[in-house]
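Here is the structure we will look at.
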Amino acid sequence: MSTTANAQVAALNEIMVPGQSRSLMSDAWRRLLSSWNGRVGLVMITITILIGVLAPVVWPYDPYTDSNLAESRMSPSLQHPFGTDRLGRDMLRRIVHGTRVSLLIGFVVVFASGAVGILLGLFAGYFGKAVDSVIMRLMDILLAFPAILLAIAIVAVRGPSLENTMIAVGVVSVPGYARVVRSIVLSVRERDYIDAARMIGVSHGRIMFVHILPNSLSPIIVQMTLGVGSAILFAAALGFLGLGVQPPIPEWGAMISDAIPFLRQSPYLVFFPGMAIMLTVLGFNLLGDGLRDALDPQLRK
Amino acid sequence: MTQYIARRVISLIPVLLGVSIIVFSLIRMIPGDPVTVMLGERARLEDIERVREEMGFNRPIHEQYIEWMGRILRGDLGTSIINRTPVMDELRSRLAATIELVVAAMIIGLIIGISVGIISAIKQNSWIDLTATVGVLLGVSMPIYWLALILMYALAVNRQIFPPSARLDVHLDVTRHTGFMLIDTLLMGDMSLFLNALWHLILPAFVLSTTVMPILARMTRSSMLEVLRQDYVRTADAKGLRRRTVVIQHALKNALLPVITIVGLQLGGLLGGALLTETIFSWPGMGLWTYRAILSRDYPIVQGAVLVSATIYVVVNLLVDISYAYVDPRIRYQSQ
């Protein structure tokens, strides 16, 4: 039997055989695993998270005691696969520990800005009129700044630190979520079951959070997945400018800018942290693309 | 159309007002006394008093805002704390440098991005398409300053094919008319100067172009694939037209419309990317200026630069929207 015929039988079974139906989410999960970008992204992120979690066990690192000026800027070798930095610290360990910092920033920023953005988008889309105008006008104002410039300005005022990096990156991410959520709410709001809920006297809050939000999740999940990547990229840019996470916390962007004076002699000091950023962000971008394909009903064949 | 333009321009006013309030509040949100922060702990008392007077910190906040806004509308962005020169004076040359860089990057990005997108679409699933897809994915995930340093190492440090910094060789001088190096050198009629300026522009502009190139390539590819499936393309093929004619004259024109809309949206990314590119290539534009002003706590410059960048961004997006509505009349009615 050809594969298409197989697929047709499977599709028929899905409809005809009771008890074998799958939930929306398990269905999406299956489609995610069948797409190459979803699979590769999932594997890359799993590895990244594992590295971050296992870092203190497998590659213990202390920014102070690990420095050894006698081993300053050694080229990559078996003992130091990524070489050593200006202070003789093993770059592999620093990069591995940078994973923890970047993942922390990525997840915290996405959850915080996602929560704020989702709330604003829900309120704007559900209540409409004045609420909508005020909220979306505020978002337009935030979007009027080139994002990096706004983030830098926030850090310039509050001073560079891990927390302020998250705040700055979070603030510039909020409008994206608000816009996405609002646009879905606008369409979901018009469905019959929402009218029905309203008619039997369900409260606004319950309609928003129990009826509308769960039905708007797909684009939000995609946006948040892609958001982790862009938050990491953003925070690293701030770190690179010296306006992000401060030493001695090992941070990828800061590692790159530390290495600029030695670009001629030790280009590997620039190369490896940048690869770490790119591969991590790539993982989230791939997963985001995969999720979009898996969750978007319009793309289903 | 006039109605549409009027509506869009009016909707701009609250946004610009909000932008100005944020920029105005920035300095005032500095914890502690902003003047002491700007001048440093060991500043003389009379200097502190003078700057405080100058910036109007002694008066009520709403008076300060109205006064500040009034000065800005008259084209006065204040005085640099460090150089004691008007912010507006330096802004012109800085802005010209950044515009030159951004426009060059946009041109490179459009040419390469659109070409790659077309080729990937025509040869869907070929090795070229696959390479382009991987390139696009890497391009979106790559930190631009990292690419800048890698290219600088490969092309300017290790092999000195391109100059690593500045807009012109140090010993050369140009009389500035427009502030755009390429135009000024041409006005002087000196070809070697022009080539020198062009040589300095290529590497930073290419680096900056990678912020838009992947998105343009991806958009062009998907838009092109969509159009190539349309009936009129099949008709053109069936008529026996050459494939090249069909692709370029029939498909491309329609495929490019959605691509052009995102050009305006990419400007914010370009301005942000310009900041990173300029710091690496010592390109004397707005980004480097803002960045240095932040490090030296020269807040009037930070305010001026952020305000101007945001205004440019908003206005360009408005122009893009209007031109798009001009090309596609459906837009005008949809947004009513």
Side-chain angles (χ1 to χ4, degrees), chain A residues 37 40-41 133-134 137-159 172 226 229-230 232-234 236-237 239-243 252-253 256-257 259-260 263-265 267 269-271 273-286 289, chain B residues 11-12 14-19 21-23 25-31 34 133 137-138 140-147 149-150 152-154 157-158 164 267-276 279-280 286-287 290-291 293-295 297 299 302-303 305-306 309-314 317:
Chain A
N37 41 11
V40 175
S133 310
V134 171
R137 207 52 81 210
L138 279 175
M139 297 299 108
D140 283 348
I141 292 170
L142 284 183
L143 284 172
F145 295 93
I148 289 198
L149 213 55
L150 183 59
I152 291 179
I154 293 173
V155 175
V157 168
R158 301 185 51 93
V172 298
L226 295 171
S230 60
I232 290 175
L233 209 50
F234 239 103
F240 174 79
L241 292 171
L243 297 169
W252 293 334
I256 295 179
S257 66
I260 293 180
L263 183 62
R264 184 189 297 270
Q265 302 90 345
L269 285 179
V270 167
F271 181 75
M275 281 304 275
I277 299 175
M278 186 169 77
L279 291 176
T280 308
V281 176
L282 180 64
F284 285 99
N285 282 343
L286 284 172
D289 287 350
Chain B
S11 75
L12 214 64
V15 171
L16 285 178
L17 220 61
V19 167
I21 290 176
I22 290 185
V23 172
S25 324
L26 272 180
I27 312 194
R28 287 152 184 92
M29 287 193 296
I30 300 167
T133 308
L137 278 166
L138 291 180
V140 213
S141 313
M142 193 186 302
I144 174 178
Y145 45 91
W146 179 66
L147 178 71
L149 288 168
I150 300 272
M152 192 192 253
Y153 173 74
V157 175
N158 202 17
L267 188 75
L270 272 177
L271 287 175
L275 188 140
L276 294 160
T279 53
I280 289 174
M286 296 277 286
T290 320
Y291 177 57
I294 283 174
L295 293 187
R297 298 177 174 282
Y299 288 103
V302 179
Q303 273 189 317
V306 172
S309 308
T311 310
I312 291 176
Y313 182 37
V314 172
N317 268 313

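Below, each value reflects all heavy atoms present in this structure, side chains not excepted, and no hydrogens, waters or symmetry copies. The sequence lines fix the lettering, A, B, ..., with proteins before strands; numbering per chain opens at 1.
Between Ile294(B) and Leu243(A), the closest side-chain pair of non-hydrogen atoms falls below 4.5 Å. In this structure, the side chains of Leu26(B) and Tyr299(B) stay at 4.5 Å or more apart for every pair of heavy atoms.
Across Arg137(A) and Val15(B), no two heavy atoms sit closer than the pair CD-CG2, 4.0 Å. In terms of heavy-atom proximity, Ala151(A) sits nearest to Phe234(A) at CB-CE2, 4.2 Å. The minimum heavy-atom distance between Leu271(B) and Ser309(B), with the atom names listed, is CD1-O, 4.0 Å.
Of the atoms belonging to Leu279(A), not a single heavy atom falls under 4.5 Å from chain B. Contact of Ile141(A) with chain B is made through backbone and side chain together, with heavy-atom distances under 4.5 Å. Interface residue Tyr153(B): backbone and side-chain heavy atoms are both found under 4.5 Å from chain A. If you measure heavy-atom distances from Ile144(B) to chain A, you find no contacts under 4.5 Å at all. Only the backbone of Leu143(A) comes within less than 4.5 Å of a heavy atom in chain B; its side chain stays farther off. With a threshold of 4.5 angstrom between heavy atoms, Leu275(B) approaches chain A through side-chain atoms but not through N, CA, C or O. For Asn37(A), no part lies under 4.5 angstrom from a heavy atom of chain B. Residue contact with chain A, scored on non-hydrogen atoms closer than 4.5 Å, is absent for Val302(B). If you measure heavy-atom distances from Ile21(B) to chain A, you find no contacts under 4.5 Å at all. For a residue to count as touching a neighbouring chain, one of its non-hydrogen atoms must lie under 4.5 Å from one of that chain's; by this rule Leu149(B) touches chain A with backbone and side chain alike. Using a 4.5 Å cut-off between heavy atoms, Asp140(A) touches chain B through backbone and side chain atoms alike. Using a 4.5 Å cut-off between heavy atoms, Ile22(B) touches chain A through its side chain atoms alone.
Options Val140(B), Leu276(B), Val23(B) differ in how many heavy-atom pairs under 4.5 Å they form with chain A, and the most are formed by Leu276(B). When the candidates Thr290(B), Leu138(B), Ile150(B) are compared by the number of heavy-atom contacts under 4.5 Å with chain A, Leu138(B) comes out ahead.
Taken to the nearest 0.5 Å, the CG atom of Leu233(A) stands 11.5 Å off from the CG atom of Leu282(A). Here CD1 of Ile256(A) is found 4.0 Å from CD1 of Ile277(A). Values are rounded to the nearest 0.5 Å.
For Tyr145(B) (side chain) and Phe240(A) (main-chain N/O), no donor-acceptor pair under 3.5 Å exists by modelled atom type. With hydrogens and angles ignored, the 3.5 Å screen pairs a side-chain donor or acceptor of Trp146(B) with a backbone N or O of Val270(A).
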